[in-house]
Protein chains: 2
Amino acid sequence: MADILKFDEQRNSAPDEKFELLHKHSLFAAMPDDMYPRFTSAAKTLTLKKGAQLFLQDDPAEWFYFIVSGWIKLFRETVDGDEAVLDVLTKGHIFGESAIFDGGVHVAGAAVAENAILLSFPTSLLKGAITKNHDVALGMLASISRTRRQQSQDIEKLSLQNTSQRIACFLLRMCRANDAQNVSLSLPYDKSLIAARLSMKSETFSRALNKLQRETSISIKGSTVIIPDTNELAVFTCSHCSQEFPCGDLH
Amino acid sequence: MADILKFDEQRNSAPDEKFELLHKHSLFAAMPDDMYPRFTSAAKTLTLKKGAQLFLQDDPAEWFYFIVSGWIKLFRETVDGDEAVLDVLTKGHIFGESAIFDGGVHVAGAAVAENAILLSFPTSLLKGAITKNHDVALGMLASISRTRRQQSQDIEKLSLQNTSQRIACFLLRMCRANDAQNVSLSLPYDKSLIAARLSMKSETFSRALNKLQRETSISIKGSTVIIPDTNELAVFTCSHCSQEFPCGDLH
DNA sequence: CGTTGACTTGAGTCTATTCAAATCCTGTGG
DNA sequence: CCACAGGATTTGAATAGACTCAAGTCAACG
């Protein structure tokens, strides 16, 4: 499987480049100088095509991953085949690491949503590092806390917001870094995956997006989104949220 | 406020009794012998009536709490007044502690769902303990991981299960400790709060419960639930979940 | 015994879903 | 560079599930 799903790396980033991003992550930033190299030297670089499966829920966790580029979806599948998308992550994030505290098995599956370059590390190495080193444990706490905060957000939204409001919030989060005016951006992954990430069917997503275009001045063509005024979206969704716009970063 | 909302403690548990439960929690169990007493001597016992508010979202977190008895709801309130119930906790659980990693403010409000006895501790004490002691940090990791796992569950359920299925799952979890046959139990808190915990309106909860009674052999009178055969409920809900019955403990 | 709040029931509405069909887009081979 | 297959997305129509608002019932408590 792995062979078929690899793709040719376009611009081969120098080793240093990958690890620079890595070192900014709270988990790796916390490592002492003699420990960090053990991770970088144990790291394997994976170059994966859209659709590749990293692991499934309940798989024993031998590896955890750092995303250098691309998008990874975390999901759970029910007995009768439905899929819930828990999160879709991109560069700078790690995943699969929490299995250490979940009995050594993954509590969600992971698959490549958009061609990705990953670094993989043995979970045993991280487990040892957390056990031995206090600062790494603190880095892990910071990292897990971030995802817990994000999940609280998600639960709130699923409970209280309708489909267009969830989409509006998704779009707002995508243009957080930009100006408030005339934001132009490109949807990072398939619309059907955005729909699943927001817990709705893709037909519903399509219709709700139309509704947003009718009721605000945003326009979408293909994967290009133009948002003349983010405040307009904020009015639409943010009063149905516990946090006022602009809300803090979650990732 | 605190005065009005206090209630007379029925059977005054001996100090040892409260702390025995406390010591079983992964966070406190991890403490070295010279640290634990600092927590128990700083602990204040709170005896609170249903309805009392402990703190609100965005409040600076001065205290965190351990539940000796009763039920506590954690919630978030939107700008326009809607409420999402993130969790409802009972004895043996802590809450408010994660503010340490959330910028020192609570990311959810907390209120008493059923008359409760709590122990409160200064967050500064915990923050110091986690910073200084490696084992406490590991205990905290275990504790946060548990809630993260629970939240993943919740998101999955909100995404994929309908109202009756969520209720059936809730009931199954309540009789996990018992036998599979002829379980009789009492709902632990108001039906309207169960409804909110499961992200539905109380009218919907009432109707969905009726539906469950029509379609399985369970019966509910007031807050008393009789479940002749848990497998019947499992058939109803568990194929719409990523975990087979009997699923593991989350708390 | 009446009041209050919790819960249930009824009727109508709206949101999101399903299933089916049409349309658009993209990567591929010629 | 273009045509085409296959997948992704959109649209339509009908349905189902959950919600709102209003009214009724029940039970605990003073």
Side-chain angles (χ1 to χ4, degrees), chain A residues 4-5 7-8 10 49-51 71 73 80-85 112-115 157-168 186-215 219-225 236-237 240, chain B residues 7-8 49-51 71 73 78 80-84 113-115 157-168 186-215 219-225 236-237 240:
Chain A
I4 305 172
L5 292 164
F7 73 100
D8 286 332
Q10 299 301 319
K49 275 196 174 175
K50 181 171 173 170
W71 292 87
K73 90 171 165 182
D80 60 4
D82 267 358
E83 181 183 280
V85 173
V112 178
E114 294 294 334
N115 289 351
K157 286 185 185 312
L158 287 176
S159 300
L160 302 177
Q161 296 192 248
N162 66 26
T163 52
S164 341
Q165 288 158 357
R166 299 207 295 278
I167 294 173
S186 184
L187 297 176
Y189 41 84
D190 293 352
K191 286 180 177 174
S192 55
L193 182 56
I194 300 178
R197 171 69 182 87
L198 301 174
S199 295
M200 63 189 82
K201 302 298 167 193
S202 40
E203 295 96 324
T204 304
F205 178 80
S206 180
R207 286 185 244 266
L209 207 49
N210 278 341
K211 188 186 168 201
L212 270 184
Q213 289 185 87
R214 281 196 307 274
E215 300 186 4
S219 68
I220 290 112
K221 192 157 69 174
S223 67
T224 304
V225 183
F236 192 90
T237 187
H240 303 276
Chain B
F7 72 100
D8 286 332
K49 277 195 173 175
K50 180 170 172 172
W71 291 86
K73 91 171 164 183
T78 66
D80 60 3
D82 267 359
E83 183 183 279
E114 294 295 333
N115 289 352
K157 285 184 185 312
L158 287 176
S159 302
L160 302 177
Q161 296 193 246
N162 65 26
T163 51
S164 338
Q165 289 158 359
R166 299 207 294 278
I167 295 174
S186 184
L187 296 175
Y189 40 84
D190 293 352
K191 285 180 179 175
S192 55
L193 182 55
I194 300 178
R197 171 70 182 87
L198 301 174
S199 295
M200 64 188 82
K201 303 297 166 192
S202 40
E203 295 96 324
T204 303
F205 177 80
S206 180
R207 285 185 246 267
L209 207 48
N210 278 340
K211 188 184 168 201
L212 271 185
Q213 288 185 87
R214 281 196 309 276
E215 300 188 3
S219 69
I220 290 112
K221 193 158 67 173
S223 66
T224 305
V225 183
F236 193 90
T237 187
H240 304 276

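In what follows, chains carry the letters A, B, and so on, assigned in the order in which the sequence lines appear, proteins first and then strands, with residues in each chain numbered from 1. All values derive from a computational prediction rather than experimental measurement.
Here the CZ atom belonging to A:Arg207 is positioned 6.5 Å from the OG1 atom belonging to A:Thr204, to the nearest 0.5 angstrom. Rounded to the nearest 0.5 angstrom, B:Met200 CE and B:Ser192 OG are separated by 12.5 Å. Atom CD of A:Gln213 is separated from atom CG of A:Leu209 by 5.5 Å, given to the nearest 0.5 angstrom. Separation of atoms NZ (A:Lys211) and OG (A:Ser206) is listed at 14.0 Å; rounding is to 0.5 Å. Annotation: the span from A:Lys50 atom NZ to A:Asn115 atom CG amounts to 8.0 Å, rounded to 0.5 Å. Atom OG of residue A:Ser164 and atom CZ of residue A:Phe205 lie 10.5 Å apart, to the nearest 0.5 angstrom.
With rounding to whole Å, B:Leu193 atom CG is found 15 Å from C:dG5 atom C1'. Taking atom CG on A:Leu209 and atom P on D:dA8, their separation rounds to 18 Å, with Å as the unit. Going from atom CD1 of B:Ile194 over to atom P of C:dT8 covers 10 Å, rounded to whole Å. One can place CZ of A:Phe205 at 18 Å from P of C:dT15, the figure rounded to the nearest angstrom. The distance from atom CD of A:Glu215 to atom C1' of C:dT15 is 14 Å, rounded to the nearest whole Å.
An OP1 or OP2 oxygen of C:dT8 is reached within less than 4.0 angstrom by no side-chain nitrogen or oxygen of B:Ser202. Dashed line: the shortest gap from a side-chain N or O of A:Asn210 to OP1 or OP2 of D:dT10 is not under 4.0 Å.
The ring pair (Phe, Tyr, Trp, His ring centres under 6.0 Å) search around A:Phe236 returns none, not counting sequence neighbours.
The shortest non-hydrogen separation linking B:Leu158 to B:Leu198 is CD2-O, 4.2 Å. In terms of heavy-atom proximity, A:Leu160 sits nearest to B:Glu83 at CD2-O, 3.6 Å. Closest heavy-atom contact between A:Leu193 and A:Lys73: CD1-CD, 3.7 Å.
Checking B:Thr163, B:Thr237, B:Ile167 one by one against B:Leu212, the side-chain contact (heavy atoms from CB on, under 4.5 Å) holds for a single residue, B:Ile167.
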Can you check nucleotides 21-30 of chain D for protein contacts, nitrogen or oxygen pairs under 3.5 Å, and list what you find?
| from | atom 1 | to | atom 2 | distance (Å) |
| --- | --- | --- | --- | --- |
| D:dC21 | N4 | B:Glu203 | OE2 | 3.3 |

Atom pairs, protein N/O to nucleotides 14-18 of chain D N/O, distance under 3.5 Å:
| from | atom 1 | to | atom 2 | distance (Å) |
| --- | --- | --- | --- | --- |
| D:dA18 | OP1 | B:Thr163 | N | 2.9 |
| D:dA18 | OP2 | B:Thr163 | OG1 | 2.8 |

Protein-nucleotides 2-7 of chain D N/O pairs under 3.5 Å:
none

Close N or O pairs between protein and nucleotides 24-28 of chain C (under 3.5 Å):
none

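Panel note: side chain B:Lys157, backbone B:His240; no donor-acceptor pair is recorded below 3.5 Å. Judged purely by atom type and a 3.5 angstrom limit, A:Arg166 uses its side chain to pair as donor or acceptor with the backbone of A:Gln161.
Helix bend of the helix from C:dC1-D:dG30 to C:dG30-D:dC1: the angle between its two end axes, each built from five pairs, comes to 30° after rounding to 10°.
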Next on the checklist: Quick one, B:Ile220 with B:Lys191, criterion side chain to side chain contact (heavy atoms under 4.5 Å, CB included). Give me CA distance, side-chain angles, the key distance, then yes/no.
Outcome noted: CA-CA 12 Å; B:Ile220 290 112; B:Lys191 285 180 179 175; 4.0 Å; yes
